[in-house]
Amino acid sequence: MLSTSSKNSRVFALVDCNNFYASCERVFRPDLREAPIVVLSNNDGIVIARSNEAKALGIGMGEPYFKVEGFIRKHGVHVFSSNYTLYGDMSHRVMEMLRQLEPEVEVYSIDEAFMALPAGKKFDLTAHGREIQATVKRCTGIPVSIGFAPTKTLAKLASRIAKKDPALGGVFDLTACDDVDALLAATEVADVWGIGRRSTKKLSTRGIRTVLDLKHANDAWVRKQLTVTGLRTVWELRGIPCIALDDAPAPKKGIVTSKSFGRRVESLAELTEAVATYAARAAEKLRAQGGIAHSLHVFINTNRFKPELPQYSNSVTMTLPEPTASTPVLIRHALLGLNRIYRPGYEFQKAGVMLTDIVPSSQRQGNLFERERGDSGLMRALDRINVRWGRDTVQYAVSGFKREWDFKRLQLSKAYTTRWDQLPVVKASF
DNA sequence: TCTGGGGTCCTAGGACCC
DNA sequence: TCTGGGGTCCTAGGACCC
């Protein structure tokens, strides 16, 4: 039921970029070094990242921008739309740096990485952590926090502690801690990796509130209530590694491209542009991982936050005749699907395309009656042009050119690191 | 006026098989 | 009144993550 690692002689580290998106913006705006900054989601909808100064002002994570806009203006908070081109590239730089410093790195998310280090060698992990921290900062400009512990779950907890306690300077080694249980007793169960809102509620009915309570919870009960995932978490809290380092992540099983619209969309014509755009984007991602998809799912829905308007949401799954990564084929089927589910008279808020049943393109089954021999050469050329000259340098006409429905990004910063025409300019005065 | 996007893993239950 | 047992595969939905 539980698989435990035999390599108990290792220590896990979690490296976490502090306030990542805000820190990325700050790298290219040194004038904002101590200023409050927030970064918004697509459509400038909600707050998704805050600098420490913004946190101190009491701006919450996930707060709708329109609710805090006045407050933000009053306190001179700097606002950025999310610039994923920039954050993706900065993330890449940080991860490359970590790989140079440590052989075993698992990129866990855009701003976090796990690492596995040999332990027991009378090795000062805290000092080592400070070195990593200083190197990443010097080479990328991004501040990080690091936690060391015998399991991934504890390493996550350690990095949280490293970040929260200013006296620690962003590095915390749980393996060198004299009284781990006291620390666990002072931490709420909701702060544990893998314990979300629902589980927190279930646990509290049993009087389990602190991480220490959870560590000593009854296995059978946890297994029943929180499934094997929950039990694994509990064992990890006890220092038994159940989640291995995954330094070669599997290719994605599903690829989703979906976005809320920047304004009201009712017509089939506009939905057609949007769905074709998302299908093309999903196809690009699919080719980038060398896959082909056998199914395609299209969905549209109205705004559930406006219950006073007529509501409609629907989706359809299309099985493709052949697994493919061809943009025109995927667009064609996505639009067939859209035509089946579209109904006039609604104000749509969101649409999306999902590709599933993905296999590596090398596993493609030939088909005796296939008419088109495929357009992989064309797709390769398309991708190369768009990588070299920027997204949508070449695109399909059906995706539209003005895209008035596209999401709002009123406060977008520049693509400082990925476009020649947007490189930062440094002026020296003597 | 204004509420993100993209993933993973697990379970229960139904369909189907011998 | 009676109606097997055991298995696989698929899907939808829940929960969680950043």
Side-chain angles (χ1 to χ4, degrees), chain A residues 1-2 14-21 38-49 60-70 72 79 81-84 87-88 91 106-114 152-153 156 159-160 189-203 222-233 242-243 246 249-264 278 281-282 285-286 289 295 297 299 301-309 315 317 319 347 349-358 406-411:
Chain A
M1 179 171 58
L2 289 167
L14 180 75
V15 181
D16 190 344
C17 300
N18 300 344
N19 315 326
F20 184 55
Y21 299 166
V38 298
V39 178
L40 306 178
S41 64
N42 281 345
N43 272 324
D44 297 342
I46 59 172
V47 173
I48 55 168
M61 183 73 166
E63 274 196 83
Y65 180 45
F66 73 89
K67 282 190 182 165
V68 290
E69 200 177 353
I72 277 176
V79 178
S81 300
S82 38
N83 184 344
Y84 283 102
Y87 311 151
S91 169
E106 171 191 344
V107 177
Y108 174 66
S109 74
I110 194 164
D111 66 342
E112 283 172 63
F114 285 105
K152 280 178 151 184
T153 304
K156 287 278 278 189
S159 85
R160 265 187 62 92
V189 94
D191 293 336
V192 174
W193 185 43
I195 303 297
R197 276 216 325 275
R198 304 303 293 259
S199 303
T200 301
K201 216 171 153 189
K202 270 187 196 166
L203 290 167
V222 171
R223 171 70 183 83
K224 184 133 190 288
Q225 295 296 316
L226 307 183
T227 80
V228 288
T229 353
L231 188 53
R232 238 176 267 164
T233 299
C242 302
I243 308 169
D246 184 7
K252 306 236 184 306
K253 293 173 183 168
I255 292 175
V256 183
T257 305
S258 79
K259 273 196 276 288
S260 301
F261 301 124
R263 65 161 170 77
R264 27 184 285 175
Y278 301 157
R281 198 76 72 226
K285 294 185 206 167
L286 180 61
Q289 72 168 40
S295 307
H297 188 78
F299 61 90
N301 49 251
T302 49
N303 190 343
R304 67 196 155 94
F305 291 108
K306 290 186 183 173
E308 68 279 11
L309 293 180
S315 69
T317 302
T319 301
E347 196 175 291
Q349 185 239 352
K350 188 173 183 175
V353 172
M354 175 161 46
L355 304 178
T356 53
D357 293 335
I358 294 172
D406 210 350
F407 63 92
K408 281 186 297 193
R409 290 197 288 182
L410 299 179
Q411 326 264 356

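Candidate nucleotides dC18(C), dG4(B), dA15(C) were compared by shortest atom distance to the side chain of S260(A), and dG4(B) ranks first. Side chain of W193(A), nearest nucleotide from dG7(B), dT3(B), dC18(C): dC18(C). Among the nucleotides dA15(C), dT1(B), dT8(B), the one closest to the side chain of K252(A) is dT8(B). Here the nucleotide nearest the side chain of N303(A), chosen from dC18(C), dT3(B), dT8(B), is dT3(B). Closest to the side chain of F66(A), from the set dG7(B), dG4(B), dC2(B), is dC2(B). Distance from the side chain of S199(A) is smallest to dC16(C) among dC18(C), dG4(B), dC16(C). Of the candidate nucleotides dG7(B), dG5(B), dG4(B), dG7(B) has the atom nearest to the side chain of V256(A). Distances were taken from every side-chain heavy atom of Y108(A) (C-beta onward) to each of dC2(B), dA15(C), dC17(C); the shortest belongs to dC17(C).
Here R304(A) pairs with Q311(A) under the side chain to side chain contact (heavy atoms under 4.5 Å, CB included) rule; sequence neighbours left out. Considering only residues two or more places apart in sequence or on other chains, Q289(A) meets the side chain to side chain contact (heavy atoms under 4.5 Å, CB included) condition with P251(A), K252(A), I255(A), I358(A). Contacts of K259(A) classified as side chain to side chain contact (heavy atoms under 4.5 Å, CB included), with partners at least two apart in sequence or in another chain: N42(A), Y278(A), D406(A), F407(A).
Nearest-nucleotide positions on DNA chain B place N43(A) closer to the 5' end than the other of N43(A) and T229(A). Closest-nucleotide positions on DNA chain B for K285(A) and K253(A) were compared, and the one nearer the 5' end corresponds to K285(A).
Within the 4.0 angstrom heavy-atom criterion, only backbone atoms of the sugar-phosphate kind lie near V192(A); the bases stay farther away. Within the nucleic acid shown, R197(A) comes within 4.0 Å of sugar-phosphate atoms alone, with no base atom in reach, counting heavy atoms only. I255(A) comes within 4.0 angstrom of sugar-phosphate atoms only, judged by non-hydrogen atoms across all strands, and of no base. In this structure, E63(A) reaches neither bases nor backbone, as no heavy-atom distance under 4.0 Å exists between it and the strands shown. Looking at heavy-atom distances under 4.0 Å, G254(A) makes contact with sugar-phosphate atoms alone, never a base. As judged by a 4.0 angstrom heavy-atom cut-off over every strand, I195(A) is placed among residues touching the sugar-phosphate backbone only. Among the protein residues, Y65(A) comes within range of no part of the nucleic acid, since none of its heavy atoms lies under 4.0 Å from any strand. Nucleic acid contact for D111(A): sugar-phosphate only, since backbone atoms but no base atoms lie under 4.0 Å from a heavy atom of the residue. At the heavy-atom level, K224(A) lies nowhere under 4.0 Å from the strands shown. Within 4.0 Å of F407(A), counting heavy atoms only, lies no atom of the nucleic acid at all. Residue contacts for K201(A): at a heavy-atom cut-off of 4.0 Å it reaches no nucleic acid atom on any strand shown. Nucleic acid contact class of K350(A) (heavy atoms, under 4.0 Å, all strands): sugar-phosphate only. Using a 4.0 Å heavy-atom criterion, one finds that K67(A) contacts no nucleic acid atom at all. Within 4.0 Å (heavy atoms only), T257(A) reaches sugar-phosphate atoms of the nucleic acid but no base atom.
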Point to revise | Step-by-step side-chain contact (heavy atoms from CB on, under 4.5 Å) determination, K156(A) to F114(A) | key: CA-CA 9 Å; K156(A) 287 278 278 189; F114(A) 285 105; 3.9 Å; yes

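The two residues T302(A) and E347(A) have their closest heavy-atom pair at CG2-O, 3.3 Å. Heavy-atom minimum distance, S258(A) versus F299(A): CB-CZ, 3.6 Å. When all heavy atoms of Y65(A) and D44(A) are compared, the pair lying nearest together is CB-O, 3.5 Å. Minimum heavy-atom separation, D246(A) to K152(A): N-NZ, 4.2 Å.
When the P atom of dC2(B) is taken as reference, atom CD of Q411(A) falls 18 Å away, rounded to whole Å. Straight-line distance from the OH atom of Y84(A) to the C1' atom of dC18(C): 10 Å, rounded to whole Å. A straight line from CZ of F114(A) to C1' of dC18(C) spans 11 Å, rounded to a whole angstrom. Counting to the nearest Å, the C1' atom of dC18(C) and the CD atom of E112(A) are 7 Å from each other. Going from atom CZ of R409(A) over to atom P of dG5(B) covers 12 Å, rounded to whole Å. Atoms CD1 (I243(A)) and C1' (dC17(C)) sit 12 Å apart, rounded to a whole Å. The interatomic distance linking F261(A) (CZ) with dG5(B) (P) rounds to 10 Å, in whole Å.
Here, dG4(C) and dC16(B) have their C1' atoms 16 Å apart, quoted to the whole Å.
Once rounded to the nearest 0.5 Å, the distance linking CZ of R409(A) with OH of Y84(A) reads 10.0 Å. Once rounded to the nearest 0.5 Å, the distance linking NZ of K67(A) with CD1 of I46(A) reads 11.5 Å.
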Distances under 3.5 Å between nitrogen or oxygen atoms of protein and nucleotides 10-13 of chain C:
none

Study note, to complete from the structure: Dot-bracket for DNA chain B, 5' to 3', Watson-Crick and G-U pairs with both distances under 3.5 Å, [ ] for crossing pairs, | for partner on another strand, reads ....||||||||||||||

Which atom pairs, donor and acceptor, lie under 3.5 Å between side-chain atoms of residues 349-356 of chain A and protein residues at least two apart or in another chain?
| from | atom 1 | to | atom 2 | distance (Å) |
| --- | --- | --- | --- | --- |
| Q349(A) | NE2 | S260(A) | OG | 3.4 |

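In this pair, Y108(A) and W193(A) present their aromatic rings perpendicular. The plane angle is above 60°, beyond the 30 to 60° band.
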